[in-house]
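As structure tokens, the structure follows; a few thoughts come after it.
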Amino acid sequence: MSLPQVLDRHLRDLFGSGRVNSVLGAIPTRGPLGMAQLARTPEEVERFTLSPLACPNLLVHLTSKEARLDPTRFPLAVLARGCETRMLNQIFSEHGLRRDQVYVVGLAHCPGAIDPRRLSAQLPVLRGFPEATIEGEEVVIREESGELARLARTELVLERCRHCQNHEPLIDDYRFDLVEEADWIEPVSVDEDPGVEAIDAMIPIERWAYWRSQLERCIRCHACRDACPLCYCENCILERHTPCWVKRSVNLPENTAYQLLRVMHLVGRCTACGECERACPVDLPLGLMMRKMENLVREYYGHRSGLDPSGEHLLSIFDPRDTTATARLEQ
Amino acid sequence: MRMLQAKHDIPKLLELMDQDRELFVPVRDEGGGRFARWSDLDLSVNEDIENTLMLAGEATRRPAKDQLFAETATLFRFRLEQGDFHLEEPPPGPSPRVLFGVRPCDGRGFQVIDTLLVGPHGGDTAYQQAREANLLVGVGCKTPGPDCFCTSVGGDPHSSDGLDVLLTDLGDAFLLESITEPGRDWLSGLQKHGVGFLHDAGKRDAERARVAQHEARQRVPRQVDTSRLPKILERSFNSDVWATVAPACIGCGACTFLCPTCRCFDIQDLVQGSRGARVRVWDSCMFREYTQEASGHNPRIRRAQRWRNRFYDKFHWSGDGRGNPACVGCGRCITHCPSGIDLVEMIERVTSAEGGA
Ligand code: SF4
Ligand code: SF4
Ligand code: SF4
Ligand code: SF4
Ligand code: SF4
């Protein structure tokens with residue numbers, strides 16, 4: 001399934017007018033998960049897809065070291081859903097990129113993206129370039145051989161989509177509606193997140209037992225860090241050897257240090273896109289950890305990253321009359 | 001030597017196995033499964049055992065590799081005394097173990113790891129000791145996983161390469177066949193104590209097994225021609241094809257750490273006060289710092305270069321020492337790549353881009 005004509009035309013024109021040097025989108029693969037692709041010529045746009053199977057958060061390819069090695073890709077147009085525009089806001093606010101480096105093609109009325117693990121759990125062998133179309137509360141999965149299944153949308157979408165409050169782009173230079181009429185899943189409320197509530201209900205010793213049982217499984221593949229568009233420090237502390245803050249040894253203390261370090265570096269920045277959890281090859285519930293952290297930031301500072309239209313970023317706000325948690329701690 | 005074991009008696013067999021050697025089994029967990037110590041499991045009823053042990057269907061997400069080539073292995077310990085370093089007595093090697101339920105591709109994976117860590121001139125002591133201590137009891141795959149392609153790289157869902165004993169699923173029972181001398185000894189030891197539930201297998205059972213094995217081979221879902229790769233790769237180092245994965249790959253270690261044949265490591269010293277240990281930890285050629293040189297230069301700074309390295313390691317520079325690639329076709333790097341990169345598709349792409357000339 002290629003792009004709708006009007007969008008295809010628009011992207012090609014961006015090259016033609018010299019507005020951008022590349023377009024970042026996703027292409028279908030043989031399996032249940034689309035793949036990021038950087039088009040450098042108008043012709044390459046042809047392979048792009050808007051399928052809900054194209055779930056990877058593309059923004060990592062804007063901020064990664066790989067992207068910085070290659071300044072010729074900017075200015076760049078990116079196909080961004082609501083959640084991704086929120087993250088773009090955050091990246092701009094902390095000067096990760098300049099607004100004029102990115103041309104935002106906002107994908108509006110987003111009905112959600114499909115989690116390949118959830119899909120594979122129901123249809124284990126999908127290797128014939130599957131296609132998915134959202135029809136109301138159902139997702140229709142097809143391969144070349146025909147229709148394979150109709151599955152419930154709420155069972156299939158990414159965890160982030162179940163919590164999503166930003167189905168519409170927060171910023172854009174051009175807008176394209178993914179479906180005619182917006183129709184999204186009733187999101188899990190930030191105040192009543194059953195996952196977070198279950199953790200909060202535990203007494204500390206149970207809570208630690210829970211996280212220990214999860215962290216013990218970590219193999220320290222760094223996929224959670226590498227998948228995160230906000231983990232873009234030039235000199236990541238996890239790669240430092242002198243001093244070596246976190247050892248490579250895979251065991252509970254080092255795994256805990258690793259994960260805490262990653263989470264702490266995202267305080268006030270993480271937009272809970274859940275890409276870390278999706279990338280984890282051994283299914284650590286990292287999204288839950290990030291949602292809890294995001295909740296704390298909201299509770300203590302009344303701040304939600306990426307949403308502030310003035311582009312202020314929590315960690316760069318200084319107010320002498322500040323009465324929030326850190327200020328109180330110091331008194 | 002061939003024995004037959006009814007499936008409902010498997011718990012008895014496992015208890016028996018756990019007597020002389022410590023038993024490790026493939027266990028379903030929240031992370032897609034891994035090998036764990038049998039005696040640590042709390043399984044009382046047969047049903048639990050069937051649901052928990054991963055003896056059929058998809059293989060454990062974490063390969064059996066980590067049981068012998070641990071993520072973190074202590075090579076030796078040392079202490080600083082009066083300004084001098086002293087080596088401490090090395091701990092005794094591992095006690096005899098049996099890894100039960102190893103998939104054939106994981107078994108073949110050990111042969112690839114051996115080429116690096118068991119050298120003719122002395123290899124990695126920790127790995128060698130673990131290798132000698134472990135008896136590998138494999139189980140064939142009746143229903144392969146979604147990305148299995150072992151038959152395209154010299155393997156088979158019932159390959160016995162690298163295993164001491166192989167089990168074939170006959171529906172209501174398993175056929176146990178010894179492959180090596182130690183496997184045979186072990187099996188006859190079991191036989192002595194397993195009177196009543198471990199039976200001698202007849203010719204008919206062996207025939208049933210061949211049929212089951214043949215059928216399983218037909219069910220391996222993915223095929224790709226790898227025969228021309230060694231030649232093609234001789235001239236593909238500078239091909240444009242490597243750049244095609246770069247826009248998607250995030251350079252993580254998921255593919256290498258789940259791979260039953262990836263065997264790169266780093267050495268680190270852990271020091272606390274006057275005591276310390278030298279440890280061997282997994283490393284990945286997909287990491288940027290893998291080739292970071294002290295000067296600041298990095299010869300594989302780009303993802304396409306790192307991806308190419310992994311591909312060449314699997315299909316050109318290394319092998320299993322028996323003429324097969326260093327990839328055993330388990331498909332884990334495909335199923336679990338967070339970026340949707342597909343090794344089989346890449347093999348096809350390399351072959352068609354460079355295969356003509
Ligand atoms: S989080 Fe929201 S905007 Fe993002 S893909 Fe899911 S539903 Fe769409
Ligand atoms: S992705 Fe998962 S296994 Fe890998 S380092 Fe992160 S938490 Fe650990
Ligand atoms: S190929 Fe996939 S699993 Fe491997 S480093 Fe790249 S993104 Fe990670
Ligand atoms: S390269 Fe991939 S398919 Fe081959 S053995 Fe390793 S993980 Fe399995
Ligand atoms: S690759 Fe072959 S041996 Fe390995 S799990 Fe799949 S079918 Fe079994």
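All chains are named by letter (A, B, ...) in the order of the sequence lines, taking the proteins before the strands, and each is independently numbered beginning at 1.
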Has B:Arg62 got a side-chain atom pairing as donor or acceptor with A:Arg217's backbone, closer than 3.5 angstrom? yes
Is A:Glu275 close to chain B through its backbone or its side chain, or both, or neither, when contacts mean heavy atoms under 4.5 Å? neither
Looking at CZ of A:Arg127 and CG of B:Asp147, how far apart are the two atoms once the value is rounded to the nearest 0.5 Å? 3.5 Å
Whether B:Arg61 side chain and A:Pro281 backbone form a donor-acceptor pair below 3.5 Å: yes
Just how far is it from atom CD1 of A:Ile219 to atom CG of B:Leu258, taken to the nearest 0.5 Å? 4.5 Å
Among A:Lys65, A:Gln37, A:Arg73, which residue has the highest count of heavy-atom pairs closer than 4.5 Å to chain B? A:Lys65
A:Val250, part contacting chain B, at a heavy-atom distance under 4.5 Å: both
Where A:Ala36 and B:Pro247 come nearest, the two heavy atoms and their spacing: CB-O, 3.7 Å
If you count heavy-atom pairs under 4.5 Å with chain B, which of A:Thr29, A:Asp70, A:Leu69, A:Leu38 comes out on top? A:Leu69
A:Trp208 atom CH2: more than 12 heavy-atom contacts under 6.0 Å: yes
Distance col, row A:Arg220:CZ vs B:Thr72:OG1, nearest 0.5 angstrom, shows 8.0 Å
Residue from A:Leu33, A:Val125, A:Leu58, A:Leu284 scoring the most non-hydrogen pairs under 4.5 Å with chain B is A:Leu33
If you count heavy atoms of other groups shown closer than 6.0 angstrom to CD of B:Gln272, is the number above 12? no
Just give me the residue among B:Thr256, B:Asp283, B:Ile334, B:Thr244 that pairs up with chain A most often, heavy atom to heavy atom, under 4.5 Å. B:Asp283
Within this structure, what is the SG-CE distance for the pair A:Cys221 and B:Met286, rounded to the nearest 0.5 Å? 12.0 Å
Minimum-distance pair of heavy atoms, taken over all atoms of A:Ser249 and B:Val279: OG-CG2, 4.0 Å
Using non-hydrogen atoms only, which part of B:Ser284 is less than 4.5 Å away from chain A: side chain, backbone, both, or neither? neither
On a heavy-atom basis, which atom in B:Arg303 and which in A:Ser64 lie closest, and how many Å separate them? NH2-CB, 3.8 Å
So that I can tick it off, tell me whether B:Glu289 and A:Arg248 are bridged by a salt bridge, with the cut-off set at under 4.0 angstrom between side-chain N and carboxylate O. yes
B:Asp342 and A:Met35: side chain to side chain contact (heavy atoms under 4.5 Å, CB included), yes or no, with the steps? CA-CA 10 Å; B:Asp342 183 332; A:Met35 179 170 138; over 6 Å; no
Checking A:Glu239 against B:Gln292: is there a side-chain donor and acceptor pair closer than 3.5 Å? no
Out of B:Arg34, B:Arg222, B:Arg332, B:Arg280, which one racks up the most heavy-atom pairs below 4.5 Å with chain A? B:Arg222
Within a 6.0 Å radius of atom CG on B:Asp240, are there more than 12 heavy atoms belonging to other residues, nucleotides or ligands? no
Over all atoms of both residues, closest heavy-atom pair of B:Pro338 and A:Pro56: O-CG, 4.3 Å
Salt bridge or not for B:Glu348 and A:Arg30, using N-O below 4.0 Å? yes
For each of B:Ala248, B:Gly32, B:Gly251, tally heavy-atom pairs with chain A at distances under 4.5 Å, and name the one with the top tally. B:Ala248
Distance from A:Cys280 atom SG to B:His336 atom NE2, nearest 0.5 Å? 11.0 Å
Under a 4.5 Å heavy-atom cut-off, does chain A meet the side chain of B:Cys249, its backbone, both or neither? backbone
Top residue by heavy-atom pair count (under 4.5 Å) with chain A, among B:Asp66, B:Leu270, B:Asp266? B:Leu270
Side chain, backbone, both or neither: which part of B:Gln268 has a non-hydrogen atom closer than 4.5 Å to chain A? side chain
Taking A:Glu66 for its side chain and B:Arg302 for its backbone only, find out whether a donor-acceptor pair lies under 3.5 Å. no
Atom CZ of B:Phe287 and atom CG of A:Asp226: how far apart are they, to the nearest 0.5 Å? 7.0 Å
